[in-house]
Amino acid sequence: MILDGGTVTLEQVIAVAKGGEKVELSAQVAASLAETRALIDGAWMTDDAPLIYSFNTGVGAFKDRRIAVEDIKRFQTNLILAHATGLGEPLTIAQSRAVMFLRLNAFCSDHSGVTLPVAQRLIDFLNKGLSPVIPVQGSVGASGDLAPLAHMTGALCGFEEAEVIFESRRLSAREGLEAAGLSPELDMQSKDASALINGSTVSLAVAVLALAEAGEIARNADIGLALSLEAMRCETDAFIAPLHAARPHPGQQLVARNVSALVAGSKRMSEAARKTVFPEEARTEGCDPAPRVQDTYSLRCAPQVHGPAREALSYARTVIEREINSATDNPLIVDDGGQRRAVSGGHFHGQYVAQVMDLLAIAMTDLGSICERRIARLIDPNMSYGLPRNLASGIPGLNTGYGTVQCSLSALVMENRTLSTPGSVDSIPGKGNAEDHVSNSMWCARKASQVVENLRAIVAGEILVATQALSQVAELAKGHEIAPATAAVVAAVRNEIPARLEGDIWFAKDMNAIIDLVCDGRVVAACESVIGRLE
């Protein structure tokens with residue numbers, strides 16, 4: 001992947017972070033960085049040059065203290081050590097790689113003034129598979145993610161105190177660099193350390209990965225919805241295009257189109273199919289059911305709930321992709337009326353990331369909430385129109401069924417509700433009130449990431465439970481076949497785990513199998529093999 005400093009997409013970040021794609025600078029970017037650096041070294045690196053923040057001054061409370069040219073290199077080391085105050089468990093390898101890639105891409109815009117060896121060190125870490133150990137706690141998202149980025153930078157510099165993951169081993173940074181065939185020494189010049197630790201890039205990395213996963217889970221949520229609709233023999237009118245044209249929100253219309261495509265050709269969602277007496281219906285064969293007329297909210301109103309979640313994802317993507325291609329440290333070198341100069345500003349402040357991650361957490365929490373309500377209906381014959389109680393197979397009573405599956409997933413819904421409490425409205429002043437308003441972006445990104453992880457299990461749970469429901473009545477309702485697309489999903493699930501028609505499930509094993517299906521894209525692929533692209 002050749003970086004030009006302004007066109008990286010969310011998918012490209014994922015390709016580097018998770019797929020291990022290699023990177024390099026375009027010739028134009030490399031030349032531009034070298035030219036800017038020559039300007040800095042030639043014009044600003046003298047002891048009588050004007051004070052320029054972090055180039056020849058201290059930082060924070062010491063912004064007015066000159067750093068002598070002879071002390072510049074020592075200052076880079078001291079700055080990293082002073083800020084490496086992170087706590088907690090480390091980021092995942094994918095998150096760590098995303099941090100390095102995003103920091104590198106920010107430098108490619110040529111506003112930071114970093115030296116080429118620093119950019120090359122980031123490239124070498126990515127291409128050789130070295131991942132800094134970066135603690136998740138310690139950033140308030142104000143002057144950027146200073147503490148976690150300092151741990152990354154210490155690893156780049158080969159500090160003995162820093163750590164890396166290399167070939168599945170956790171090593172000191174120096175050991176890792178030597179194992180990868182790289183020099184442990186990195187020649188840091190003025191502004192290099194400041195540029196590396198400034199900017200809310202760790203928040204952004206966590207946000208990018210959470211957002212990408214949320215988009216895929218949202219498509220799977222539409223599939224789980226379609227399976228539940230068929231399992232409960234629901235009405236299809238709530239999803240027709242003319243109805244949604246009357247309230248033309250794009251997300252709502254998108255979900256309605258998806259559901260209509262997924263259940264196209266179904267004979268199960270019909271009045272004729274509802275005449276079949278399911279195992280726990282309170283009526284006898286030959287006695288027609290009461291007219292359905294309309295379904296309950298978690299079924300009929302699904303486009304109006306899934307839809308806003310899709311639009312929240314779309315908005316979040318717009319903000320995050322803009323952030324991916326932004327320069328976010330301080331000061332930045334800009335062309336002001338034909339003169340290149342360093343200007344202090346606040347691009348490091350993480351409020352954009354913080355707010356969209358709060359939005360993502362809220363939207364995904366509600367999506368999980370409606371999914372869980374459908375799961376609850378599927379296990380209750382009074383709400384599922386006669387499906388077996390708890391979807392218990394074999395001998396009910398001897399076998400308990402899926403009741404506690406719903407209970408476990410409801411625990412995740414409640415956890416998500418707490419995690420979706422906004423963090424971007426919180427602020428604690430720091431550093432002697434120099435940072436008197438902070439964004440809390442790292443916590444916002446972390447909790448949104450956990451919400452998405454929980455949602456993945458909830459959506460996988462609906463797919464599992466709805467598939468079990470359809471399997472249990474397959475023989476009974478065989479005259480009213482389900483749609484080709486949903487049948488393909490059931491087949492994909494059953495290829496992974498057997499239908500539980502003789503005994504109880506092993507929840508953890510089966511859930512992990514379905515989660516893998518969701519994560520690997522196999523559920524979506526099964527649908528798309530029948531209906532083409534699922535939006």
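Computed from a prediction, not measured in an experiment: that's the story for all the values here.
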**Request:** Answer whether the closest heavy-atom distance between the side chains of K18 and L209 falls below 4.5 Å.
**Result:** yes
**Prompt:** Taking all atoms of both residues into account, what is the closest heavy-atom pair of N220 and I463, and its distance?
**Reply:** O-CD1, 4.0 Å
**Asked** Which pair of heavy atoms, one from M1 and one from A15, lies closest together, and at what distance?
**Response** CE-CB, 4.4 Å
**Request:** Identify whether the distance between the nearest side-chain nitrogen and carboxylate oxygen of R292 and D295 falls below 4.0 Å.
**Result:** yes
**Request:** Indicate yes or no: at least one non-hydrogen side-chain atom of P381 is less than 4.5 angstrom from one of L387.
**Result:** no
**Request:** Using a cut-off of 6.0 Å, state whether more than 12 heavy atoms not belonging to H349 lie near its atom NE2.
**Result:** yes
**Asked** Does the side chain of I320 come within less than 4.5 Å of L204's, by heavy atoms?
**Response** yes
**Item:** Electrostatic pair D358-K447, nearest N-O below 4.0 angstrom
**Value:** yes
**Prompt:** Would R494 and S471 count as having a side-chain donor-acceptor pair, cut-off 3.5 Å?
**Reply:** yes
**Asked** Is the charged tip of R310 near the ring of Y315: under 6.0 Å from the six-membered ring centre and within 45° of its axis?
**Response** no
**Message:** I want to check something: taking the side chain as every heavy atom from C-beta on, are W443 and D426 in contact at a cut-off of under 4.5 Å?
**Reply:** no
**Prompt:** Cut-off 3.5 Å, side chains only: do S410 and E372 have a donor facing an acceptor?
**Reply:** no
**Prompt:** Can you find a side-chain donor-acceptor pair between N454 and Q450 that sits under 3.5 Å?
**Reply:** yes
**Item:** Ion pair R268/E230, N-O distance below 4.0 Å
**Value:** no
**Asked** Looking at R374 and E462, does any basic side-chain N land under 4.0 Å from a carboxylate oxygen?
**Response** yes
**Side chain S384, main chain I379, donor-acceptor under 3.5 Å** = no
**Complete:** When D237, V263, I482 are each screened for side chain to side chain contact (heavy atoms under 4.5 Å, CB included) with M269, the one that passes is V263
**Message:** Evaluate E481 against K267 for salt bridge (charged side-chain N to carboxylate O under 4.0 Å, His left out), listing each step before the verdict.
**Reply:** CA-CA 5 Å; E481 302 301 329; K267 295 182 174 60; over 6 Å; no
**Fill in**
In L104, L122, D4, the residue satisfying side chain to side chain contact (heavy atoms under 4.5 Å, CB included) with L25 is L104
**Test side-chain hydrogen bond (donor to acceptor under 3.5 Å, both in side chains) applied to R377 and S228, step by step** = CA-CA 9 Å; R377 299 192 78 82; S228 292; over 6 Å; no
**Asked** Does a salt bridge link E235 with R300, judged by any charged N lying under 4.0 Å from a carboxylate O?
**Response** no
**R317 side-chain N/O to G215 backbone N/O, donor-acceptor pair under 3.5 Å** = no
**Prompt:** Are R169 and E163 ion-paired here, with the side-chain N under 4.0 Å from a carboxylate O?
**Reply:** no
**Prompt:** Within a strict 4.5 Å, meaning less than it, do heavy atoms of the R283 and P289 side chains meet?
**Reply:** yes
**Prompt:** Can E281 and R233 be counted as an ion pair, charged N to O under 4.0 angstrom?
**Reply:** yes
**Prompt:** Looking at R257, H244, H306, which one forms a side-chain hydrogen bond (donor to acceptor under 3.5 Å, both in side chains) with Q252?
**Reply:** H244
**Message:** Could you check whether any side-chain heavy atom of E535 comes within less than 4.5 Å of a side-chain heavy atom of V255, counting everything from C-beta outward?
**Reply:** no
**Prompt:** For atom OH of Y352, is the number of surrounding heavy atoms from other residues, nucleotides or ligands below 6.0 Å larger than 12?
**Reply:** no
**Request:** Side-chain contact test, heavy atoms from C-beta onward, threshold under 4.5 Å: evaluate it for E89 versus P135 and give yes or no.
**Result:** no
**Message:** Between Q468 and Y402, is there a side-chain heavy-atom distance shorter than 4.5 Å?
**Reply:** yes
**Request:** Test R97 against S131 for side-chain hydrogen bond (donor to acceptor under 3.5 Å, both in side chains), laying out the working first.
**Result:** CA-CA 6 Å; R97 287 180 59 81; S131 299; 5.1 Å; no
